[in-house]
Undergrad: 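The structure's right below; bear with me while I get my questions together.
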Amino acid sequence: MVAGMWIRSTMTYRASFALTVFTSFCVTFFDFVVILLMFGQVRGLGGFSFAEVALLYGLTGTSFGIADLTMGSLQRMGKRVRDGSLDTFLMRPAPLLAQVAADKFALRRFGRVAQGLMVLVWALVLLDVAWTPVKVLLLPVTVVCGAVIFAAVMVLGASTLFWMQDAAEVTNSFTYGGNALLQYPPTIFAQELVRGVVYVVPLAFVNWLPALHILGRPAPAGVPDAAAFASPLVAALCCAVAGLAWRAGIRSYRSTGS
């Protein structure tokens, strides 16, 4: 209901809404322009072709766009804790997380989803993949689970803002920064970094590991091939950890300044 209210408010000025969605689309598309310019000078990147990198970009861009659309408002948690406006949400008979996520719901963020989806479709047209029923099913599962993983990381980051109200940029390094990291093939990064995004902050399950299976490529050294199918399990574990952190943050809240 709250999100619907903000959507109706946004659609009152439809020309402004269309302009902001188009602007969001263009701004995020500049990230892909960098890849286009790069492949104007080289034939491959870390052993990956342009279409393969576009697949990685499209998968993470779509997943992150969905998570940002639904949970992007959590970035304001630090401000709400500082000024005590979170008390208003706690007085309402509705789940706190749903209220905070829906408050000031920005439908303009759909431009990021559309841009990522466009690149994903383009990559699938360019790629010559030996499709099997498993690979066909793995593609939408990867997008959905990737969005859930990013959303869980956003909730986990928002939970830390109960104690560190000014740490929003730190949490953004794992969301926006993770999205930027996953746009490129894992072969160009150090193995320590790849292991970190597999076993510590499991962002590799957003696109790297499932995409490698779709492309018929081996998993990174030290990572079992079965990890390509572990995204649903990882997403569930991330949600469980984020839920525990969120509950701990709520219990520690003591109104303004806590």
Side-chain angles (χ1 to χ4, degrees), residues 1-10 20 24 63-110 112-113 144-182 196-206 231-258:
M1 292 177 63
V2 173
M5 176 190 70
W6 285 104
I7 292 174
R8 289 192 298 272
S9 174
T10 300
T20 54
S24 175
S63 296
F64 180 75
I66 295 172
D68 190 46
L69 176 66
T70 55
M71 294 293 180
S73 295
L74 292 178
Q75 299 178 43
R76 301 186 181 91
M77 274 298 301
K79 180 179 181 299
R80 292 190 177 103
V81 171
R82 284 197 306 271
D83 61 20
S85 59
L86 190 65
D87 293 358
T88 305
F89 297 96
L90 289 169
M91 294 173 63
R92 297 171 182 166
L96 178 62
L97 180 59
Q99 292 187 72
V100 175
D103 186 53
K104 295 187 178 180
F105 185 82
L107 192 59
R108 67 178 182 276
R109 293 193 178 107
F110 182 76
R112 182 185 291 272
V113 181
V144 173
C145 291
V148 173
I149 292 172
F150 269 128
V153 174
M154 290 179 179
V155 173
L156 185 61
S159 303
T160 65
L161 299 180
F162 282 102
W163 297 279
M164 301 179 294
Q165 293 85 24
D166 297 319
E169 293 303 322
V170 176
T171 61
N172 286 345
S173 65
F174 292 98
T175 52
Y176 289 90
N179 176 49
L181 173 73
L182 297 176
V197 295
V198 172
Y199 298 111
V200 182
V201 182
L203 294 178
F205 294 90
V206 172
S231 293
L233 176 61
V234 172
L237 290 175
C238 287
C239 287
V241 173
L244 292 174
W246 180 258
R247 289 178 179 273
I250 294 175
R251 287 194 297 268
S252 71
Y253 180 68
R254 297 293 183 272
S255 193
T256 305
S258 65

Undergrad: Between atom CZ of R76 and atom CG of D83, what is the distance when rounded to the nearest 0.5 Å?
TA: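 One finds 12.0 Å between CZ of R76 and CG of D83.
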Undergrad: Which pair of heavy atoms, one from A94 and one from Q99, lies closest together, and at what distance?
TA: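 Where A94 meets Q99 most closely, the heavy atoms are O-NE2, 3.0 Å.
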Undergrad: Test salt bridge (Lys or Arg N to Asp or Glu O under 4.0 Å) on D103 and R80 and set out the steps.
TA: CA-CA 12 Å; D103 186 53; R80 292 190 177 103; 2.7 Å; yes
Undergrad: Go through the steps to decide whether L182 and F64 satisfy the test side-chain contact (heavy atoms from CB on, under 4.5 Å), and finish with yes or no.
TA: CA-CA 10 Å; L182 297 176; F64 180 75; over 6 Å; no
Undergrad: For the CZ atom on F174, are there more than 12 heavy atoms of other groups (residues, nucleotides or ligands in this structure) within a distance under 6.0 Å?
TA: no
Undergrad: T175 versus N172: any side-chain heavy-atom pair under 4.5 Å?
TA: yes
Undergrad: With rounding to the nearest 0.5 angstrom, report the CG to CZ distance, L69 to R108.
TA: 10.5 Å
Undergrad: Please report the interatomic distance CD1(I66) to CG(D68), rounded to the nearest 0.5 Å.
TA: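 Atom-to-atom, I66:CD1 and D68:CG are 11.0 Å apart.
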Undergrad: Do you know the tightest heavy-atom contact between F150 and V206?
TA: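 Heavy atoms only, the tightest pair is CE1-CG1, 3.6 Å.
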Undergrad: Rounded at 0.5 Å granularity, tell me how far OG in S63 sits from CG in L203.
TA: 11.0 Å
Undergrad: Can you give me every donor-acceptor pair (side chain of residues 1-9, partner residue at least two apart or in another chain, under 3.5 Å) with its distance?
TA:
none

Undergrad: Work out which heavy atom in A152 is nearest to a heavy atom in A242; give both atom names and the distance.
TA: O-CB, 3.4 Å
Undergrad: Testing the basics here: between P202 and I149, what is the closest heavy-atom pair and its distance to 0.1 Å?
TA: O-CG2, 4.2 Å
Undergrad: When rounded to the nearest 0.5 angstrom, what distance separates OG in S173 from CG in L181?
TA: 11.0 Å
Undergrad: Within the distance-only criterion (no hydrogens, no angle test), does the side chain of S73 pair as donor or acceptor with the backbone N or O of A102 below 3.5 angstrom?
TA: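 Side chain of S73 to backbone of A102, a donor-acceptor pair under 3.5 Å: no, none is there.
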Undergrad: Please assess L97 against L74 for the test side-chain contact (heavy atoms from CB on, under 4.5 Å), listing each intermediate value before the final yes or no.
TA: CA-CA 9 Å; L97 180 59; L74 292 178; 3.9 Å; yes
Undergrad: Report, one line per pair, each donor and acceptor closer than 3.5 Å where one atom sits in a side chain of residues 154-162; sequence neighbours left out.
TA:
| residue | atom | partner | partner atom | Å |
| --- | --- | --- | --- | --- |
| S159 | OG | V155 | O | 2.8 |
| S159 | OG | W246 | N | 3.2 |
| T160 | OG1 | G157 | O | 2.5 |

Undergrad: Where do A147 and A67 come nearest, in terms of heavy atoms and distance?
TA: O-CB, 3.5 Å
Undergrad: If you take all heavy atoms of M71 and A151, which pair is closest and at what distance?
TA: CG-CB, 3.9 Å
Undergrad: Go through the steps to decide whether V197 and F205 satisfy the test side-chain contact (heavy atoms from CB on, under 4.5 Å), and finish with yes or no.
TA: CA-CA 8 Å; V197 295; F205 294 90; over 6 Å; no
Undergrad: Go through the steps for C238 and V148 under the test side-chain contact (heavy atoms from CB on, under 4.5 Å), then give the verdict.
TA: CA-CA 8 Å; C238 287; V148 173; over 6 Å; no
Undergrad: Indicate yes or no: at least one non-hydrogen side-chain atom of T70 is less than 4.5 angstrom from one of R109.
TA: no
